[in-house]
Asks: 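Could you have a look at this structure, given as structure tokens, before my questions?
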Number of protein chains: 2
Amino acid sequence: MGKKKETITIYDVAREAGVSMATVSRVVNGNPNVKPVTRKKVLETIRRMGYRPNAVARGLASKKTTTVGVVIPDISYAFFAELTRGIEDIANMYHYNIILCNSDLKKEKEMQLIEALLEKQVDGLLFLGGEVTEEHREIFSGAQVPIVLAATHDEVDKDRPYVTIDQVQAAKEATGILIREGHKRIGLLGGPLTDPIIGFPRYQGYKEALEEEGIPFNENWVRLGNYRYNSGLEAAKELLGMVDAPTAIFAVNDEMAVGAIHAVQDRGLDVPKDVSVMGFDNIPLASQVRPLLSTVAVPMYDIGAVAMRLLTKYMNDETIEENQVVLPYRLELADSTRLKEL
Amino acid sequence: MGKKKETITIYDVAREAGVSMATVSRVVNGNPNVKPVTRKKVLETIRRMGYRPNAVARGLASKKTTTVGVVIPDISYAFFAELTRGIEDIANMYHYNIILCNSDLKKEKEMQLIEALLEKQVDGLLFLGGEVTEEHREIFSGAQVPIVLAATHDEVDKDRPYVTIDQVQAAKEATGILIREGHKRIGLLGGPLTDPIIGFPRYQGYKEALEEEGIPFNENWVRLGNYRYNSGLEAAKELLGMVDAPTAIFAVNDEMAVGAIHAVQDRGLDVPKDVSVMGFDNIPLASQVRPLLSTVAVPMYDIGAVAMRLLTKYMNDETIEENQVVLPYRLELADSTRLKEL
DNA sequence: CTGTTAGCGCCTTCAT
DNA sequence: ATGAAGGCGCTAACAG
């Protein structure tokens, strides 16, 4: 493990090949200004000596690391794992590597991570999923590299690039499905209302849908969870235990929605006959449950991919036409609701 | 975005603070050999100037990047996401960052990624989940940094550090549960038998369990999938359609197991009354299904955490007592099987 | 405790 | 098409 063999440098290769460092450097970097014969010779001695370019040295000299930082709430959430896959695929395609950091949505940790990433001279930064506060804006603006938000946006800095979906509208439409099924008592399994990215907007959409259709809004039918299965299960249990229990439940994410389905079933009731359930996100779980979950299909992979692509444009000084992208979502009506057509 | 402000270096700070670069460096790195007054002064001008250390330069000079490479099959698999979380947490604890790469188990891509990671001078490497071939051994042995395997091991190089579980034994015990429930016709939803890490060993365990108990092994009850939900669903459908259909199914991972549960239910049968189902891994999905899935609880997070911890020991030249760790697993008997006690 | 001095390995003009 | 030389920003002896 980790034998300290003498590291062989570009200089060694140059000497061995009878050329200068500059020439070796050119060959390594695919600079066309090298006579084919020379190139061949260098390439050969590189292989023979087992030379491996030192990207750190290159980074110092060229001021580019071909590495981008990714700050994400929690990779063990299916939603973010999917998104990260999109990021990594595109990064890989453009020959970037990603340094992945979990923030757990802790502001202090986020700051720390961003700082560390910038010290490591990443060529760009992707910030996912959390609220963008004044402190964020401060450190962002002090960065000398492009920063793109994914699955979130900045309420204040209207110029900050981002890629996301229209949360309010999607939640509104999802709720609308339940309304059009004829439900009057529609429960909400929400996230923290202090969460300006997911929790609040989706709650907002729910409320707006009710208002628009003149359906009474009942505070008691709103339960706030933490986006996890168990919180959905428990909250739904409470809802179903009420005398005027809801006949439909809109959960602001799929995990909670599946929890709700099971709460209904555990009570001996049927989904969607007795209670309709609508989710949000369309993580794999949505199609790994019975009945199949109706949900808002969020293009998770694409959000990551598009955000990363946008970042590469910044990093390469390409002209960018649209730096704030709102991706389309789609209602995926399956078996946990009764309406099958939009 | 990315304003090219003049980068301020350690030299600028030194000049401004009226000390030498060395002193600033000492302060930045927490070297105790600095008079408190001096330290304070330096710290102050650092803050005032907004100096941010350049980790790339530091890496070149110190030959340490405090970054480790992680090659993983696919972050969108719950199993690996969980594992990665363990890795990242420990990495973070020891002030390392991780460069995450998805290999999709493609050997060529793996080689490429490892090469790139080594060029980036990672201080160590974690290789997850795939087969270790001769080519792997070659590049591993050429690396000047420690490399540890997680959730896999090397059949040939008996010294290569790893952290995993006893796949065969676990599969054997899982199958044993089904046998002790009285089943004689036990189906297997396996992975590719060419996969020496998961597919084959778990198949092996299944077979051994049958043999030991004198239960007939029937080729027809063995279906190989790709570890995904749908492949489990489809394969189970086939099994259930047979005239001598199995009365119990052992799936070598949870996704396929849940697919099997649904295949049974979609057929109007009951789990576990008509068919028992046993999974493997204990990903969150196992407890987000009805009936709750009985499974082999693999300490995914711990595998990642322990592997990373082991790697830090190598990187810091700590004495390490055990460099090949076989973590314990646990049978988690829930509602998809009938046996409740071991 | 603090300063001086070499590099670390490579890129990048600038000559040739 | 190729070589020479000066950094990139920081760490690490080595003096003092």
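Just so you know, these numbers use all the heavy atoms, side chains as well, and skip hydrogens, waters and symmetry mates. So that the names make sense, note that chain A is the first sequence line, chain B the second, and so on, each numbered from 1.
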Asks: Which residues satisfy the side chain to side chain contact (heavy atoms under 4.5 Å, CB included) test with B:Lys63, sequence neighbours excluded?
Replies: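 Per chain and number, B:Lys63 pairs via side chain to side chain contact (heavy atoms under 4.5 Å, CB included) with no residue.
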Asks: Are B:Asp302 and B:Arg309 close enough, and set up right, to give a salt bridge (Lys or Arg N to Asp or Glu O under 4.0 Å), and what steps lead you there?
Replies: CA-CA 10 Å; B:Asp302 294 345; B:Arg309 177 65 185 104; over 6 Å; no
Asks: Are A:Thr67 and A:Lys120 linked by a side-chain donor-acceptor pair shorter than 3.5 Å?
Replies: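 Their side chains do not contain a donor-acceptor pair, so the 3.5 Å distance test is not met.
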Asks: So, is B:Thr9 close to the D:dG9 phosphate, meaning a side-chain N or O under 4.0 Å from OP1 or OP2?
Replies: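 No, B:Thr9 has no side-chain N/O under 4.0 Å of OP1/OP2 on D:dG9.
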Asks: Rounded to whole Å, please give me the gap between CD1 in B:Ile10 and C1' in D:dC8.
Replies: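 Atom CD1 in B:Ile10 sits about 14 Å away from atom C1' in D:dC8.
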Asks: Could you state the atom-to-atom distance from CG of A:Leu60 to P of C:dG7 in whole Å?
Replies: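 It is 17 Å, rounded to the nearest whole Å.
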Asks: Please check if the number of heavy atoms outside A:Glu318 that lie under 6.0 Å from its CD is greater than 12.
Replies: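 Above 12, so yes.
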Asks: Any side-chain N or O of B:Tyr11 less than 4.0 Å from the OP1 or OP2 oxygen of C:dT4?
Replies: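 So the side-chain polar atoms of B:Tyr11 never come under 4.0 Å of the phosphate oxygens OP1 or OP2 of C:dT4.
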Asks: Rounded to the nearest angstrom, tell me the gap between atom NZ in B:Lys64 and atom C1' in D:dC10.
Replies: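 Atom NZ in B:Lys64 sits about 15 Å away from atom C1' in D:dC10.
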Asks: Keeping B:Ser25 on the side-chain end and B:Met21 on the backbone end, is there a donor-acceptor pair under 3.5 Å?
Replies: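 No, the answer is negative, given that no donor and acceptor are paired below the 3.5 Å cut-off.
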Asks: Near DNA chain C, counting only heavy atoms under 4.0 Å, which residues of residues 22-50 of chain B show up?
Replies: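 B:Ala22, B:Thr23, B:Arg26, B:Asn33, B:Val34, B:Lys35, B:Thr38, in order of number.
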Asks: Which ones in residues 112-123 of chain B lie close to DNA chain C, meaning a heavy atom under 4.0 Å from one of its atoms?
Replies: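 Those residues: none at all.
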Asks: Indicate the ring-plane relationship of A:His136 and A:Phe140, choosing parallel, tilted or perpendicular according to the 30° and 60° boundaries.
Replies: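 Perpendicular, since the angle between the ring planes exceeds 60°.
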Asks: Starting at CE of B:Met21 and ending at C1' of D:dC8, how long is that distance when rounded to a whole Å?
Replies: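 B:Met21 atom CE is separated from D:dC8 atom C1' by 12 Å.
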Asks: Out of C:dC11, D:dG3, D:dA12, which has the shortest distance to the side chain of B:Ser62?
Replies: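 That would be D:dA12.
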Asks: Is there a side-chain contact between B:Arg58 and the phosphate of D:dG9, meaning an N or O under 4.0 Å from OP1 or OP2?
Replies: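 Answer no for this pair, as no side-chain N or O of B:Arg58 is under 4.0 Å from OP1 or OP2.
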Asks: Just by distance, with hydrogens left out, do B:Tyr301 and B:Asp89 show a side-chain donor and acceptor under 3.5 Å apart?
Replies: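 The answer is yes; a qualifying pair exists.
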Asks: Considering the options A:Glu115, A:Gln121, A:Gln144, which one meets the side chain to side chain donor-acceptor pair (under 3.5 Å) requirement together with B:Arg52?
Replies: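 By the side chain to side chain donor-acceptor pair (under 3.5 Å) criterion, B:Arg52 pairs with just one of A:Glu115, A:Gln121, A:Gln144: A:Glu115.
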Asks: Report yes if at least one side-chain N or O of B:Lys63 is closer than 4.0 Å to OP1 or OP2 of C:dG7; otherwise report no.
Replies: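 For B:Lys63, the contact criterion (side-chain N or O under 4.0 Å from OP1 or OP2 of C:dG7) is not met.
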Asks: Kindly say if A:Ser20 contacts the phosphate of D:dG3, meaning a side-chain N or O under 4.0 Å from OP1 or OP2.
Replies: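 Result: yes.
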Asks: Please report, rounded to the nearest Å, how far the C1' atom of D:dG9 is from the CD1 atom of B:Ile8.
Replies: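 B:Ile8 atom CD1 is separated from D:dG9 atom C1' by 12 Å.
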Asks: Check B:Leu311, B:Leu126, B:Asn323, B:Val68 against B:Pro146 for a side-chain contact (heavy atoms from CB on, under 4.5 Å) and give me the one that passes.
Replies: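 Considering B:Leu311, B:Leu126, B:Asn323, B:Val68, a side-chain contact (heavy atoms from CB on, under 4.5 Å) with B:Pro146 is found only for B:Leu311.
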